[in-house]
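I have placed the structure first, in the form of structure tokens, so that the comments after it can refer back to it.
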Amino acid sequence: MSYFPLFMELKDQDCLVVGGGRIAWRKVKVLMDFGARVSVVAPEIIPEIGELGPVLQAERDFEDGDVQGRTLVVAATDDEALNRHISRICQARSIPVNAVDQTQDCSFIFPAYVKQGEVVAAFSSGGQSPVMAQYLKAQIKPVMTEELGRLAACLGSIRDMVQSSVRTGSARKHLYQELLQLGLQKGENPETEEIWNVMKKYMEQE
């Protein structure tokens, strides 16, 4: 069964990673890439985790109450039984949980992804073939340039103005398509005057 692709807001959300080794480090890094507030619980935590940024670290054994109030939890220990226990208490409390390398104990999985600004492309094989997801990631990387991220931010910055000035959803859609093509052709964000000239054309449409 395939996983439903859901993009989730994690900025300033409390997330827990149980485990203090290299696998936990990779999961902490991903969560922080999306602005999460991350806590790590493990008897031993490698120094590299603290080097990622402001991570709250507790060097002790996991306690069931550690999951309370978390937006999501990652069980990244080398103890399969403990990971399964963490998964069960999270699922009983409707907390999304990932048990690393134990697909049957996951309510969500980490995709392979490419991120440029707010633009994210993500790939999953449903846990069947991580190498397939990594292959797809490599294929999209040349398209996902820094300029694409900047262009998305540019289009996002005019959303309120477009919403209030252009009457129909159809006209707004075509406006954005034209500005996107203009930016891609130029290889940089359209100038303010260019944006305004395109907008005026669609402002006149019913």
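Everything numeric in this text was worked out from a predicted model, so none of it was measured.
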Check: Thr71 main-chain N/O paired with Gln13 side-chain donor or acceptor under 3.5 Å: no
Selection residues 102-118 - residue pairs positive for salt bridge (charged side-chain N to carboxylate O under 4.0 Å, His left out), sequence neighbours left out: Arg84-Asp105
Flag, side chain of Glu147 to backbone of Asn189, donor-acceptor distance under 3.5 Å: yes
Spatial distance of atom CG (Leu148) from atom CG (Leu180) [nearest 0.5 Å]: 7.5 Å
Neighbour count above 12 (heavy atom, 6.0 Å) for Gln177 CD: yes
Heavy-atom donor-acceptor pair, Arg37 side chain to Asp12 backbone, under 3.5 Å: yes
Parallel, tilted or perpendicular: rings of Tyr202 and His174 (30°, 60°): parallel
Arg159 side-chain N/O to Leu155 backbone N/O, donor-acceptor pair under 3.5 Å: no
Distance (rounded to the nearest 0.5 Å) between Phe62 CZ and Thr77 OG1: 10.0 Å
Neighbour count >12 (heavy atoms, 6.0 Å) for atom CG, Asp33: yes
Ser107 side chain vs Val97 backbone, donor-acceptor pair below 3.5 Å: yes
Flag, side chain of Ser87 to backbone of Asn83, donor-acceptor distance under 3.5 Å: no
Ser157 side chain vs Cys154 backbone, donor-acceptor pair below 3.5 Å: yes
Asp160 backbone acceptor or donor facing Ser164 side chain under 3.5 Å: yes
Under 3.5 Å side-chain donor-acceptor pair for Gln68 and Arg93: yes
Between SG on residue Cys15 and CG on residue Leu31, distance to nearest 0.5 Å: 5.0 Å
Pairs touching residues 16-57 that satisfy ring pair (Phe, Tyr, Trp, His ring centres under 6.0 Å), sequence neighbours left out: Phe34-Tyr113
Pairs meeting criterion salt bridge (charged side-chain N to carboxylate O under 4.0 Å, His left out) with involvement of residues 176-191, two or more places apart: Glu178-Lys201, Lys186-Glu188, Lys186-Glu194
